[in-house]
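Note sheet for the following structure.
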Amino acid sequence: MCNERDMTKLEAYILTRPKYADDRRQAYADWALDDLLTDVIAEMEKPPYYISGEEEIPITDIIEAYIEKMRHFRNIANPGKKLMFQIAVREAESLNLLFKGKDNNEAD
């Protein structure tokens, strides 16, 4: 389940994350975060469970699914495109650590 707090944390990460010196790498990172953000927003816009009957997906599950998708694309990509998917994996893994840390703190 994605909520406003998750979106706020995600937006803060996007605004404060380290930038790449290389414009091409930065463009790949921006693309990856935009793509991942699309998946998160789609989950947030779903009707609640009591209306749709579909289970809500935690943001960490969305991020992990994105990582697996990008790893798959990296594995099948032409050599010239592998960097794009590697950067997408790296950005998503950073976000995953950020949100996994949130989950660990809430359990205390």
Side-chain angles (χ1 to χ4, degrees):
M1 76 196 92
C2 299
N3 56 37
E4 291 298 319
R5 208 163 102 200
D6 290 338
M7 282 303 293
T8 301
K9 197 170 197 174
L10 185 57
E11 289 170 355
Y13 173 80
I14 290 170
L15 292 173
T16 61
R17 77 185 198 279
K19 304 290 185 198
Y20 288 91
D22 178 33
D23 289 339
R24 184 178 69 157
R25 289 174 187 259
Q26 185 59 46
Y28 291 157
D30 292 343
W31 162 79
L33 289 171
D34 286 345
D35 195 33
L36 181 56
L37 188 59
T38 300
D39 292 349
V40 171
I41 290 171
E43 176 60 26
M44 285 186 69
E45 291 177 343
K46 278 185 2 186
Y49 175 76
Y50 63 88
I51 294 174
S52 68
E54 293 182 27
E55 291 291 327
E56 295 175 345
I57 303 170
I59 193 164
T60 52
D61 289 355
I62 295 169
I63 294 169
E64 288 171 3
Y66 186 81
I67 290 168
E68 290 306 311
K69 181 171 70 170
M70 291 301 113
R71 283 182 179 154
H72 171 72
F73 289 147
R74 180 187 61 197
N75 290 339
I76 64 171
N78 294 331
K81 295 290 184 184
K82 287 190 184 290
L83 177 63
M84 179 171 104
F85 297 113
Q86 179 58 38
I87 290 173
V89 168
R90 192 174 307 140
E91 290 291 330
E93 286 175 341
S94 295
L95 270 175
N96 202 26
L97 287 174
L98 178 71
F99 282 97
K100 290 281 186 173
K102 176 198 82 163
D103 293 345
N104 291 341
N105 291 338
E106 287 181 355
D108 291 341

Less than 4.5 Å apart, any side-chain heavy atom of [X] and any of [Y]?
X	Y	answer
Leu95	Ile59	no
Ser94	Tyr13	yes
Leu37	Glu11	no
Asp6	Met44	no

Could you tell me the separation between the [atom1] atom of [X] and the [atom2] atom of [Y], rounded to the nearest 0.5 Å?
X	Y	atom1	atom2	result
Gln86	Leu83	CD	CG	8.0 Å
Phe73	Lys69	CZ	NZ	6.0 Å
Met70	Met84	CE	CE	7.5 Å
Leu10	Ile41	CG	CD1	8.5 Å

**Asked** Is a side-chain N or O of Asn3 found less than 3.5 angstrom from the main chain of Arg5, in a donor-acceptor match?
**Response** yes
**Sidechain-backbone polar pair: Glu91 side chain, Ala32 backbone, donor-acceptor under 3.5 Å** = no
**Request:** Measure the acute angle between the ring planes of Phe85 and Trp31, then classify it against the limits of 30° and 60° as parallel, tilted or perpendicular.
**Result:** perpendicular
**Prompt:** For Lys81, does the NZ atom sit with more than 12 other heavy atoms under 6.0 Å from it, leaving out its own atoms?
**Reply:** no
**Message:** Would you say that more than 12 heavy atoms from the other residues, nucleotides or ligands in this model lie under 6.0 Å from the OH of Tyr49, or not?
**Reply:** no
**Asked** Are Leu15 and Leu33 connected in the hydrophobic side-chain network, where two residues link if heavy atoms are under 4.5 Å apart?
**Response** no
**Message:** Go through it in stages, so that I can follow the logic: the residues are Asp30 and Lys19, the test is salt bridge (charged side-chain N to carboxylate O under 4.0 Å, His left out), and I'd like the CA-CA distance, side-chain angles, deciding distance and then a yes or no.
**Reply:** CA-CA 10 Å; Asp30 292 343; Lys19 304 290 185 198; 5.1 Å; no
**Prompt:** Is any side-chain N of the basic residue among Arg90 and Glu93 closer than 4.0 Å to the acidic one's carboxylate O?
**Reply:** no
Quick check: closest heavy atoms across [X] and [Y], and the distance to 0.1 Å?
X	Y	result
Ala92	Ile63	O-CG2, 3.3 Å
Glu43	Ile57	OE2-N, 2.9 Å
Lys9	Leu98	NZ-O, 3.6 Å

**Arg71 and Glu68: CA distance, side-chain angles, deciding distance, salt bridge (charged side-chain N to carboxylate O under 4.0 Å, His left out) verdict** = CA-CA 5 Å; Arg71 283 182 179 154; Glu68 290 306 311; 3.0 Å; yes
**Item:** Any side-chain donor near an acceptor of the partner, Asn96 and Tyr66, under 3.5 Å
**Value:** no
